[in-house]
Visitor: 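Please find one structure pasted underneath; my questions will follow.
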Amino acid sequence: MIRKAFKFKLNPGQKEEYKKRHEELWPELENLLKSAGIQDYSIFFDEATDSLFGILSIENPENLDDLPKHPIMQKWWDYMADIMEVNSDNSPKSIDLEKVFYMK
């Protein structure tokens with residue numbers, strides 16, 4: 001199992017809206033993520049910088065490569081684009097983080 005961590009950024013003042021949208025996560029998106037093998041997915045918020053920190057577990061990280069092509073993922077990105085920093089295709093501007101320590 002691989003643990004992947006990344007960070008991205010909310011627009012100022014959008015924490016509650018971000019939380020609300022994730023509390024109402026579309027079942028079809030959740031099914032897509034699970035079918036890709038994503039498990040134990042958490043997102044944390046840093047109030048001082050409006051940054052989000054995500055971490056997930058996945059058996060085969062190559063499965064993540066197909067997610068951006070999926071219409072449900074693209075629809076979710078379009079839905080979230082007004083509250084966070086995004087690329088031209090509305091995908092979140094995301095930075096992968098390097099693991100420097102892990103205690104099991």
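These numbers come from the heavy atoms of this one structure, side chains and all, not from hydrogens, waters or symmetry mates.
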Visitor: Do you know the tightest heavy-atom contact between N11 and M84?
Guide: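 Looking at all heavy atoms of both residues, the shortest contact is ND2-N, 3.3 Å.
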
Visitor: Within the supplied structure, the quantity of interest is the number of heavy atoms (other residues, nucleotides, ligands) at a distance under 6.0 Å from E62 CD; does it exceed 12?
Guide: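 Atom CD in E62 is not crowded, with 12 or fewer foreign heavy atoms closer than 6.0 Å.
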
Visitor: I'd like to know if L10 and F53 are part of one continuous hydrophobic network [Ile/Leu/Val/Met/Phe/Trp/Tyr, side-chain heavy atoms within less than 4.5 Å].
Guide: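 In one cluster: no.
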
Visitor: Would a 4.5 Å heavy-atom cut-off, applied to side chains only, mark K4 and K99 as touching?
Guide: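 No - every pair of side-chain heavy atoms lies 4.5 Å or more apart.
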
Visitor: Closest heavy-atom contact between K69 and Q74?
Guide: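 The answer is O-NE2, 3.5 Å.
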
Visitor: Taking the side chain as C-beta and beyond, is there a heavy-atom pair between L67 and L32 under 4.5 Å?
Guide: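 L67 reaches L32 side chain to side chain.
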
Visitor: Give me the atom names and distance for the closest heavy-atom approach of I55 to R3.
Guide: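 Closest pair (atom of I55, atom of R3, distance): CD1-NH2, 3.2 Å.
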
Visitor: Say whether, by atom type as modelled, one donor and one acceptor occur between the side chain of R21 and the main chain of Y79 under 3.5 angstrom.
Guide: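 Yes: the side chain of R21 pairs with the backbone of Y79.
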
Visitor: Measuring from S51:OG to F45:CZ, what's the distance to the nearest 0.5 Å?
Guide: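 CZ of F45 is found 8.0 Å from OG of S51.
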
Visitor: Are side-chain heavy atoms of Q39 and M1 found at a separation under 4.5 Å?
Guide: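 Touching, per the 4.5 Å side-chain cut-off.
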
Visitor: Given the rule that I, L, V, M, F, W and Y join up when any side-chain heavy atoms are under 4.5 Å apart, are I95 and L52 in one cluster?
Guide: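 The answer is no; the residues belong to distinct hydrophobic clusters.
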
Visitor: Look at the side-chain heavy atoms of Ile, Leu, Val, Met, Phe, Trp and Tyr, link any pair under 4.5 Å apart, and say whether W26 and M80 land in one connected group.
Guide: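 Same cluster.
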
Visitor: For the rings on W77 and H70, is their centre-to-centre separation under 6.0 Å?
Guide: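 Ring-ring flag for W77/H70: false, centres at least 6.0 Å apart.
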
Visitor: If only side-chain N and O atoms count, and only distance matters, is there a donor-acceptor pair under 3.5 Å linking S91 with N87?
Guide: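 Per modelled atom types, N87 and S91 side chains form a pair under 3.5 Å.
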
Visitor: Would you please test Y102 and K104 for side chain to side chain contact (heavy atoms under 4.5 Å, CB included) and show each step?
Guide: CA-CA 6 Å; Y102 177 64; K104 204 169 198 182; 3.8 Å; yes

Visitor: Hey, mind stepping through I43 and H22 against side chain to side chain contact (heavy atoms under 4.5 Å, CB included) and telling me if it holds?
Guide: CA-CA 10 Å; I43 300 172; H22 280 76; 4.1 Å; yes

Visitor: How long is the gap from NZ on K9 to OG1 on T49, to the nearest 0.5 Å?
Guide: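 If we round to the nearest 0.5 Å, K9:NZ and T49:OG1 are 5.0 Å apart.
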
Visitor: In this structure, are over 12 heavy atoms from other groups packed under 6.0 Å from K7 atom NZ?
Guide: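 Open.
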
Visitor: Looking at every heavy atom in both A36 and N63, which two are closest together, and how far apart are they?
Guide: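 For A36 versus N63, the nearest heavy atoms are O-ND2, 2.9 Å.
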
Visitor: Please verify the inter-ring angle class for F8 with Y18; under 30° counts as parallel, over 60° as perpendicular, anything in between as tilted.
Guide: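 Tilted.
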
Visitor: Taking only Lys NZ, Arg NE, NH1 and NH2, and the carboxylate oxygens of Asp or Glu, determine whether D78 and K75 approach each other closer than 4.0 Å.
Guide: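 Here D78 does not pair with K75 in a salt bridge, since their nearest N and O are not under 4.0 Å apart.
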
Visitor: Regarding K20 and E24, does a basic nitrogen lie under 4.0 Å from an acidic carboxylate oxygen?
Guide: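 Looking at K20 and E24, the cut-off is met.
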
Visitor: If every non-hydrogen atom of M73 is compared with every non-hydrogen atom of P68, which pair is closest and at what distance?
Guide: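 The answer is CG-CA, 4.4 Å.
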
Visitor: Under a 4.5 Å side-chain heavy-atom rule over Ile, Leu, Val, Met, Phe, Trp and Tyr, are L64 and L97 clustered together?
Guide: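 Different clusters: L64 never reaches L97 through Ile, Leu, Val, Met, Phe, Trp or Tyr contacts under 4.5 Å.
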
Visitor: Under the salt bridge (Lys or Arg N to Asp or Glu O under 4.0 Å) rule, what do K19 and E23 come out as? Steps first, then yes or no, please.
Guide: CA-CA 6 Å; K19 285 175 62 174; E23 288 167 358; 5.2 Å; no

Visitor: In this structure, would L25 and I72 fall into the same cluster of hydrophobic residues linked by side-chain contacts under 4.5 Å?
Guide: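 In one cluster with L25: I72, yes.
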
